[in-house]
Amino acid sequence: MSSAGTSTTGTGWATRRWSATSWSAVSTPRAATSRTRRTASCPVRTTSGSPIADVEDGSVVVTKLPGTGGLVDAMTMKTQLYYEIHDPTRYLTPDVTADFSDIRVEDLGDDRVRLSGARGRPRPETLKALVGVDQGWKATGEMSYGGPGCVERARRAEEIVRKRLEPYAAEIDDIRVDLQGVDALFGDQLTGGYPAEVRLRLAVRTTSRDVARRAAHETELLYFGPAGGGGNVTSVVPALGVTPAYVPRELVPVTTEVYET
């Protein structure tokens with residue numbers, strides 16, 4: 001019912017030893033060795049191994065197999081500990097409500113890091129499920145512009161496409177246009193020098209498949225102007241969303257089967 005947390009089966013921990021169980025949350029693959037921003041100093045990433053956790057009461061030592069790429073140090077551990085954490089004092093997993101707010105990180109060297117200080121409280125009364133939602137159709141279309149004036153031509157292309165889609169506004173639920181290489185990631189929060197090339201990307205969500213096809217086709221028509229557009233690609237696929245739902249724990253039976261081969 002949730003991808004967060006690990007099973008405590010076989011650890012020897014009583015189910016309600018909450019602080020001990022909290023280490024199952026700390027020692028999950030949150031410590032992926034290859035996920036680091038320090039790419040230049042990270043050893044070969046193509047053979048990155050999964051992390052290994054040596055769990056004891058009160059602490060866990062995270063490491064990886066010798067000879068594998070990636071990096072296990074204090075920084076990678078800290079990065080993973082706060083990854084997708086909304087409230088570090090109340091991190092919800094199926095097994096325990098973990099408190100990461102007082103964790104201590106000790107770099108032991110040689111790709112070994114000790115984590116200590118995690119605490120736990122009773123597990124949630126509900127389990128989280130993600131439910132797929134049919135949101136109609138998603139259309140995308142892209143076109144590249146390069147050289148002098150590429151940004152201005154791409155902006156003009158955006159104006160043209162938006163204007164051509166106005167007759168279908170009542171059937172379009174969402175529309176987004178990005179200039180990749182200019183504002184697709186940071187908007188106007190981070191700016192740089194004038195780019196040598198940009199790629200316009202249109203995305204439309206609609207309940208009508210015909211409108212989705214029309215939106216994608218409009219980017220193909222950009223071959224006729226502004227000048228210098230190229231590399232058009234389009235896609236029309238079902239738009240699937242997700243929404244969380246919370247299920248009472250007692251409605252989800254848990255069984256364990258062990259097979260011998």
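When every heavy atom of Val62 is checked against every heavy atom of Val72, the shortest pair comes out as O-CG1, 3.6 Å. The two residues Ala245 and Val131 have their closest heavy-atom pair at CB-CG2, 4.0 Å. Residue Gly225 comes nearest to Ile160 through the heavy atom pair O-CD1, 4.3 Å, listed as atom of the first residue, atom of the second, then distance. In this structure, Pro195 and Cys150 approach most closely via the heavy-atom pair O-SG, 3.6 Å. In plain terms, the two heavy atoms of Ala212 and Trp137 that are nearest each other are CB-CB, 3.8 Å. The two atoms that bring Pro226 and Arg153 nearest to each other are CG-O, 3.3 Å, heavy atoms only.
For the pair Tyr194 and Val151, the minimum side-chain heavy-atom distance is below 4.5 Å. Inter-residue side-chain proximity for Leu65 and Ile52 is flagged as met; some heavy-atom pair is nearer than 4.5 Å. At a threshold of 4.5 Å between non-hydrogen side-chain atoms, the residues Glu158 and Leu200 count as touching. You'll find the side chain of Thr234 reaches within 4.5 Å of the side chain of Thr219, heavy atoms only. Residues Thr79 and Met75 are in side-chain contact: their nearest non-hydrogen atoms beyond the backbone lie under 4.5 Å apart. Using a 4.5 Å cut-off on side-chain heavy atoms (C-beta onward), Val105 and Val113 make contact. Counting only heavy atoms from C-beta outward, the side chains of Thr93 and Tyr91 approach each other to under 4.5 Å. With contacts defined as side-chain heavy-atom distances shorter than 4.5 Å, the pair Ile172/Val211 qualifies.
At most 12 non-hydrogen atoms from other residues, nucleotides or ligands lie less than 6.0 angstrom from CZ of Arg90. Around CZ of Phe224, the count of heavy atoms belonging to other residues, nucleotides or ligands within 6.0 Å does not exceed 12. Shown here is Glu250, whose CD atom has more than 12 heavy atoms of other residues, nucleotides or ligands within 6.0 Å. For Glu106, the CD atom is densely surrounded, since the number of other residues' heavy atoms within 6.0 Å is greater than 12. Residue Arg176 qualifies as open at atom CZ: its count of foreign heavy atoms under 6.0 Å is 12 or below.
Rounding to the nearest 0.5 angstrom, the gap separating the CD atom in Glu142 from the CG atom in Leu222 is 12.0 Å. Separating the CZ atom in Arg214 from the CG atom in Asp210 is a distance of 10.0 Å, to the nearest 0.5 Å. Note: Gln180 CD to Glu197 CD = 11.0 Å, rounded to the nearest 0.5 Å. For the atom pair Arg164 CZ and His217 NE2, the distance stands at 9.0 Å (nearest 0.5 Å). Considering CZ of Arg114 and CG of Asp54, their distance stands at 9.5 Å, rounded to 0.5 Å. To the nearest 0.5 Å, atoms OG (Ser144) and CG (Leu179) are separated by 11.0 Å.
Ionic pairing of Arg155 and Glu152 is not present here: no N-O contact between side-chain nitrogen and carboxylate oxygen is shorter than 4.0 angstrom. Look at Asp107 and Lys78 and you find no salt bridge, because none of the NZ, NE, NH1 or NH2 atoms lies under 4.0 Å from a carboxylate O.
In the hydrophobic cluster analysis, where Ile, Leu, Val, Met, Phe, Trp and Tyr join through side-chain heavy atoms closer than 4.5 angstrom, Val161 is grouped together with Val182. Taken together through direct or relayed side-chain contacts under 4.5 Å among Ile, Leu, Val, Met, Phe, Trp and Tyr, Leu251 and Leu127 form part of one hydrophobic cluster. Val198 and Leu190 are members of different hydrophobic clusters when ILVMFWY side chains are connected at heavy-atom separations under 4.5 Å. Under the 4.5 Å side-chain heavy-atom criterion for Ile, Leu, Val, Met, Phe, Trp and Tyr, Leu81 and Ile85 are members of the same hydrophobic cluster. Linking ILVMFWY residues whenever their side-chain heavy atoms come closer than 4.5 Å, directly or via other members, places Tyr168 and Ile175 in the same cluster.
Panel note: side chain Lys64, backbone Thr68; a donor-acceptor pair is recorded below 3.5 Å. Side-chain N or O atoms of Arg213 include none that pairs as donor or acceptor with a backbone N or O of Ala139 at under 3.5 Å.
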Check the pair Arg123 / Arg249 against side-chain contact (heavy atoms from CB on, under 4.5 Å), numbers first and verdict last. CA-CA 10 Å; Arg123 64 190 185 184; Arg249 180 181 293 272; 3.5 Å; yes

One pair to check against side-chain contact (heavy atoms from CB on, under 4.5 Å): Glu159 and Val177. What are the steps and the verdict? CA-CA 10 Å; Glu159 294 174 9; Val177 179; over 6 Å; no

Stepwise side-chain contact (heavy atoms from CB on, under 4.5 Å) test for Thr140 and Arg201: CA-CA 7 Å; Thr140 60; Arg201 181 180 187 274; 3.3 Å; yes

Please test Leu71 against Asp111 for side-chain contact (heavy atoms from CB on, under 4.5 Å), starting from the C-alpha separation and ending with a verdict. CA-CA 6 Å; Leu71 186 66; Asp111 289 310; 4.0 Å; yes

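Side chains of Glu257 and Tyr259: a donor-acceptor N/O pair is present below 3.5 angstrom, by distance only. Checked by atom type, the side-chain pair Arg112/Thr63 shows no donor-acceptor distance below 3.5 Å. There is a side-chain donor-acceptor pair under 3.5 Å between Asp87 and Thr89. Looking only at atom types and distance, the side chain of Asp99 has a donor-acceptor partner in the side chain of Ser101 under 3.5 Å away.
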